[in-house]
Structures are given as structure tokens and as C-alpha cells.
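Encoded as C-alpha cells, the structure appears first; notes follow it.
In what follows, every heavy atom counts, from backbone to side chain, and hydrogens, waters and symmetry copies are set aside.
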Amino acid sequence: MHEARLVRDLVDEIDKVAAREHADHIHTVRIEIGALSHVTPDSLQGTFELLAHGSPAQDAHLDISRSEDQYAIDAHDVRLVSVSVEDG
């Protein structure tokens, strides 16, 4: 499952942000799917819910967009755009 590896990497990055910000919970995660990535928003959402369970990103709102730029250097990737921690 290609999504699992991509999402595991995203959750790892989000965990690093949470640790750096001393956050127990992540509120929103903005993600961009590359134009040439075969990942769909629905599969990304479902895999994220499974792999983020028990992490600060559990129950975070995902704001997922898809790039239209097929010539972008990251057109095959899923990119973490931003993470917002929950005020506390």
C-alpha cells in the first residue's frame, strides 16, 4: 500500500512538529497531493486516520488539496504544507 508509506512519513513529520511546539494535539494539517501522485484524498484520509491513531495528530482536521502542476519537482509526492497546533 503506497499510501501507508507516504502517510507514515507525514505522521512522523507531524509528530516532530508537535514535539517541537510542545503540543499534545494537532488541530489542522494541510496536505497537498502532487498532480502525478496516484493517491486520492479519500484513501489519504482513511490511511491517515488509521496511522495517526494514538499520536498528537489523531482527530486532526485534514485540509487536502491537489496540485495541478504536473511539472513540479514534487508532482509525484504528497507534501505536508502546514500543521496547526490546538490552543490550549
| Electrostatic pair R8-D12, nearest N-O below 4.0 angstrom | yes
Inter-residue atom distance [X].[atom1] - [Y].[atom2], 0.5 Å rounding:
{"X": "L51", "Y": "L10", "atom1": "CG", "atom2": "CG", "value": "10.0 Å"}
{"X": "L36", "Y": "D77", "atom1": "CG", "atom2": "CG", "value": "10.0 Å"}
{"X": "H27", "Y": "S84", "atom1": "NE2", "atom2": "OG", "value": "6.0 Å"}
{"X": "D15", "Y": "R20", "atom1": "CG", "atom2": "CZ", "value": "12.0 Å"}
{"X": "S65", "Y": "R30", "atom1": "OG", "atom2": "CZ", "value": "6.5 Å"}

| request: Let me see the working for Q45 and I64 under side chain to side chain contact (heavy atoms under 4.5 Å, CB included), right down to the final yes or no. | output: CA-CA 9 Å; Q45 176 79 41; I64 303 171; 4.2 Å; yes
| Check against salt bridge (charged side-chain N to carboxylate O under 4.0 Å, His left out), D9 and R5 | CA-CA 6 Å; D9 290 347; R5 181 185 59 79; 3.8 Å; yes
| field | Donor-acceptor under 3.5 Å (T47 side chain, L44 main chain) | value | no
Might you point out which heavy atoms bring [X] and [Y] nearest each other, and give the distance in Å?
{"X": "R79", "Y": "D74", "result": "CD-OD2, 3.1 Å"}
{"X": "S55", "Y": "V11", "result": "OG-CG1, 4.2 Å"}
{"X": "A23", "Y": "V85", "result": "CB-CG1, 3.5 Å"}
{"X": "I33", "Y": "V39", "result": "CG2-O, 3.7 Å"}
{"X": "Q58", "Y": "H25", "result": "O-CE1, 3.0 Å"}
{"X": "Q70", "Y": "A75", "result": "O-CB, 3.6 Å"}

So, do [X] and [Y] sit near enough that their side-chain heavy atoms are less than 4.5 Å apart?
{"X": "V78", "Y": "E32", "value": "no"}
{"X": "D63", "Y": "I31", "value": "no"}
{"X": "I14", "Y": "F48", "value": "yes"}

| Stepwise side chain to side chain contact (heavy atoms under 4.5 Å, CB included) test for S37 and H76 | CA-CA 4 Å; S37 174; H76 289 279; 5.6 Å; no
